[in-house]
Amino acid sequence: MNKATVLRVVGADAYLLEGDKKFSALVLKKLKLKGLCAGDIVEYSFDAINNTFIVQNICERRNHIDRPNISNVDKAFIVISKEPQADLFLVDKMLVYLGIEGILPFIIVSKADIVDDGFIENIKCQFSGCVQKVIVLSSKTGAGLDEFMVETKGCISVLVGQSAVGKSSLLNTLGIRKIKTDTIALKVGKKKSRGKNTTKNSELYVTNYGSMIADTPGFKMLAIEDMDDTELTHYYPDIRKFAVKCKYKNCTHLPNNDGCEVVAALNNGKINKDRYNRYIKVKSALNKSRSKKYGK
């Protein structure tokens, strides 16, 4: 049977890509129950009697993200901006989640034409040591677009982040599609700096330079509560490089641990303080969740 990549699933239909050919195919009920989604590689056949293509099987996935629902992702671009206010705690959790799934992480600072240099430098200071690259981008001026295109060429990539940070606008600028964006929905609320979703479903878009990119709904809070807090350091490369040198085998890397390599690096300015404080916050939350679940 032939193989194709799922671009989108709508009801009982899947929109597929094989080479340069795009076409729709009927999805069998058993595959719907398995959660067929964008990014899946599928085997399909042609039903001559009903004159339709039929998806017969889902090939083994390399990885899968639940929210947004997409699989076989090579790279994830976490899009943030100063407005709506960047939730860096959520960014940290995203990076942990992407690390678990083996997806290369990037950060995009969007709306660069209206973001001040101080914000950009702060983001670079906190995250340059734990992502592949921080890309400063403006959909309005086109700054940073070439860099983004180089990184996404030949890959399945996904744009993730809070609502209204400019994910759909970036695709518009690339000429992938034109979205009639509701400008009211993109305004930052008076009480809370949150945007509203302009995208409803996960869908892979094929670019004219040889990549597939997913425009996704706003990211929901990630569930990593089942992780043991002792595993967390592995997904913080900027902290892990000091943790592996720690002389204490089961060190918690908390601020009051004299002789801890992580604490020493923090005190010497080699680890960003804000990033470290959020790491401790995540670690504490995991510990509490585990204690509550297992009574330990």
Side-chain angles (χ1 to χ4, degrees), residues 74-82 85-112 115-137 143-144 147-148 150-151 160-162 165 219 221-222 224-290:
D74 298 299
K75 299 178 180 180
F77 294 79
I78 303 172
V79 186
I80 63 173
S81 191
K82 194 170 183 178
Q85 183 177 350
D87 185 344
L88 300 186
F89 183 63
L90 179 57
V91 172
D92 288 340
K93 293 189 72 176
M94 287 181 187
L95 290 174
V96 172
Y97 190 83
L98 294 173
I100 293 171
E101 293 295 333
I103 299 170
L104 293 178
F106 293 74
I107 285 180
I108 291 178
V109 178
S110 68
K111 307 178 186 179
V115 173
D116 59 83
D117 292 340
F119 177 82
I120 294 171
E121 288 307 310
N122 180 40
I123 296 301
K124 287 183 176 181
C125 183
Q126 293 200 47
F127 294 104
S128 290
C130 50
V131 299
Q132 298 296 305
K133 187 180 291 186
V134 176
I135 299 175
V136 181
L137 189 148
E147 189 175 5
F148 175 77
V150 168
E151 292 295 343
V160 298
Q162 297 164 257
V165 291
F219 230 89
M221 185 59 72
L222 297 172
I224 58 173
E225 286 76 8
D226 288 336
M227 177 187 291
D228 191 320
D229 69 295
T230 59
E231 300 174 17
L232 184 65
T233 309
H234 179 75
Y235 301 104
Y236 281 74
D238 48 336
I239 294 175
R240 184 180 69 236
K241 65 181 181 180
F242 298 104
V244 295
K245 301 176 183 178
C246 193
K247 63 182 180 181
Y248 302 118
K249 184 177 180 180
N250 297 315
C251 187
T252 58
H253 311 305
L254 295 175
N256 58 351
N257 288 3
D258 293 332
C260 172
E261 286 292 331
V262 171
V263 174
L266 175 70
N267 293 335
N268 291 328
K270 295 179 181 180
I271 294 176
N272 181 272
K273 185 176 181 180
D274 291 334
R275 170 92 166 146
Y276 172 82
N277 287 338
R278 294 194 306 272
Y279 160 77
I280 295 300
K281 183 178 178 182
V282 174
K283 190 178 182 71
S284 177
L286 290 176
N287 192 24
K288 288 180 180 178
S289 175
R290 188 172 181 83

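Model, not experiment: these values are computed from the prediction.
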Measuring from atom [atom1] of [X] to atom [atom2] of [Y], what distance do you get when rounded to the nearest 0.5 angstrom?
| X | Y | atom1 | atom2 | value |
| --- | --- | --- | --- | --- |
| M94 | I103 | CE | CD1 | 12.0 Å |
| L90 | Q162 | CG | CD | 6.0 Å |
| K124 | I107 | NZ | CD1 | 11.5 Å |
| Q132 | F106 | CD | CZ | 5.0 Å |
| Y235 | I100 | OH | CD1 | 5.0 Å |
| K283 | E231 | NZ | CD | 10.5 Å |

Using modelled atom types and a 3.5 Å cut-off, is there a donor and acceptor pairing between side-chain atoms of S110 and backbone atoms of V165? yes

Looking at N122 and G118, would you say the former's side chain and the latter's main chain have a donor-acceptor pair under 3.5 Å? no

One pair to check against side-chain contact (heavy atoms from CB on, under 4.5 Å): F127 and R275. What are the steps and the verdict? CA-CA 8 Å; F127 294 104; R275 170 92 166 146; 3.9 Å; yes

Given the ring of F242, does K270 sit roughly above its face, with NZ or CZ under 6.0 Å from the centre of the six-membered ring and within 45° of the axis? no

Shortest non-hydrogen contact from [X] toward [Y]:
| X | Y | result |
| --- | --- | --- |
| E151 | K75 | O-NZ, 2.6 Å |
| V131 | P105 | CB-O, 3.5 Å |
| I135 | G144 | CG2-O, 4.0 Å |
| F119 | A86 | CZ-CB, 4.2 Å |
| L266 | I271 | CD1-O, 3.7 Å |

Minimum side-chain heavy-atom gap [X]-[Y] below 4.5 Å:
| X | Y | value |
| --- | --- | --- |
| I239 | H253 | no |
| K247 | E261 | no |
| L88 | D274 | no |
| V282 | F89 | yes |

Does a sphere of radius 6.0 Å around CG in D117 hold more than 12 heavy atoms from other residues, nucleotides or ligands, not counting ones at 6.0 Å or beyond? no

Evaluate side-chain contact (heavy atoms from CB on, under 4.5 Å) for D238 paired with N272, printing each intermediate quantity in order. CA-CA 9 Å; D238 48 336; N272 181 272; 5.9 Å; no

Between S81 and V115, does the side-chain contact (heavy atoms from CB on, under 4.5 Å) criterion hold? Intermediate values first, please. CA-CA 7 Å; S81 191; V115 173; 3.6 Å; yes

Mind running side-chain contact (heavy atoms from CB on, under 4.5 Å) on L98 and I78 for me, showing each step along the way? CA-CA 10 Å; L98 294 173; I78 303 172; 4.1 Å; yes

